[in-house]
Amino acid sequence: MNDEADRFAPVPVLRAALTCRCPRCGEGPLFAGLLAVRPACPVCGLDLSGQDAGDGPAVFVIFFLGLIVVGLAAWVELRFAPSIWVHMALWTPLIVGGAIAMLRPLKAALIALQYRHRILHPPPAA
């Protein structure tokens with residue numbers, strides 16, 4: 001793996017995360033669908049079948065988005081005291097849209113960190 005990694009300039013984790021690109025070459029798209037990771041990079045051939053982001057991206061989304069929404073909801077409640085339907089109309093689209101927007105980059109960041117720390121291995125043979 002060191003020989004392959006030496007052929008490519010290091011891709012910053014933040015860049016790989018925000019662009020959702022391959023953590024080795026920074027060019028190939030990381031996802032085949034909304035959250036489905038490609039089995040391999042179409043540009044450099046990096047085997048991505050061993051990636052295991054697990055529930056990490058969802059946990060980070062819950063923490064970050066929860067902090068934002070709860071803070072804003074509390075501020076709106078204390079400042080304007082609206083009806084409950086106003087809260088539902090305000091926060092439901094923000095939660096759904098924010099979760100979708102945050103999941104891909106956070107999953108890409110965890111995969112890039114796995115690659116950076118050399119723990120991106122192929123799955124064990126069954």
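Numbering of residues begins at 1 and proceeds along the displayed sequence.
- Under the 4.5 Å side-chain heavy-atom criterion for Ile, Leu, Val, Met, Phe, Trp and Tyr, Leu78 and Val70 are members of distinct hydrophobic clusters.
- In terms of heavy atoms, Val11 sits closest to Pro23 at CB-O, 3.6 Å.
- Between Met102 and Phe64, some side-chain heavy-atom pair lies under the 4.5 Å cut-off.
- Scanning both residues, Gly28 and Cys41, for their nearest heavy atoms gives CA-SG, 3.8 Å.
- Taking CG from Leu72 and CG from Leu90, the interatomic distance works out to 9.5 Å, rounded to the nearest 0.5 Å.
- Taking CD1 from Ile68 and CZ from Phe63, the interatomic distance works out to 13.5 Å, rounded to the nearest 0.5 Å.
- When all heavy atoms of Phe8 and Cys44 are compared, the pair lying nearest together is CZ-CB, 3.4 Å.
- For the atom pair CG of Leu48 and SG of Cys22, the computed distance is 6.0 Å after rounding to the nearest 0.5 Å.
- Closest heavy-atom contact between Ala89 and Pro93: O-CD, 3.2 Å.
- Counting only distance, with no hydrogens or angles, the side chain of Arg104 and the backbone of Leu34 share a donor-acceptor pair below 3.5 Å.
- The two residues Lys107 and Pro57 come nearest to each other via the heavy atoms CA-CG, 3.6 Å.
- To the nearest 0.5 Å, atoms CG (Asp52) and CD (Gln114) are separated by 6.5 Å.
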Starting from the C-alpha separation in whole Å, work towards a yes-or-no answer on side-chain contact (heavy atoms from CB on, under 4.5 Å) for Tyr115 and Val13. CA-CA 9 Å; Tyr115 177 76; Val13 172; over 6 Å; no
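- Judged purely by atom type and a 3.5 angstrom limit, Gln51 uses its side chain to pair as donor or acceptor with the backbone of Ala53.
- When atom types are taken as modelled, the side chain of Arg116 and the backbone of Ile111 share no donor-acceptor pair closer than 3.5 angstrom.
- Ile100 and Ile62 are assigned to two separate hydrophobic clusters, defined by single-linkage of ILVMFWY side chains at heavy-atom distances under 4.5 Å.
- If you chain together hydrophobic residues whose side chains sit under 4.5 Å apart, Leu30 and Leu18 never meet in one group.
- Taking hydrophobic clusters as Ile, Leu, Val, Met, Phe, Trp and Tyr residues chained together by side-chain heavy-atom distances below 4.5 Å, Leu67 does not share a cluster with Leu94.
- Shown here is Phe60, whose CZ atom has no more than 12 heavy atoms of other residues, nucleotides or ligands within 6.0 Å.
- The closest donor-acceptor contact from the side chain of Arg21 to the backbone of Ala16 lies at 3.5 Å or more, if one exists at all.
- In this structure, Gly45 and Arg24 approach most closely via the heavy-atom pair C-NH2, 3.6 Å.
- Between the Glu27 side chain and the Val43 main chain, no donor and acceptor come within less than 3.5 Å of each other.
- To the nearest 0.5 Å, the span separating CH2 on Trp91 from CG on Leu65 amounts to 10.5 Å.
- Using a 4.5 Å cut-off between side-chain heavy atoms of Ile, Leu, Val, Met, Phe, Trp and Tyr, with links allowed through other members, Phe80 and Val69 fall into the same hydrophobic cluster.
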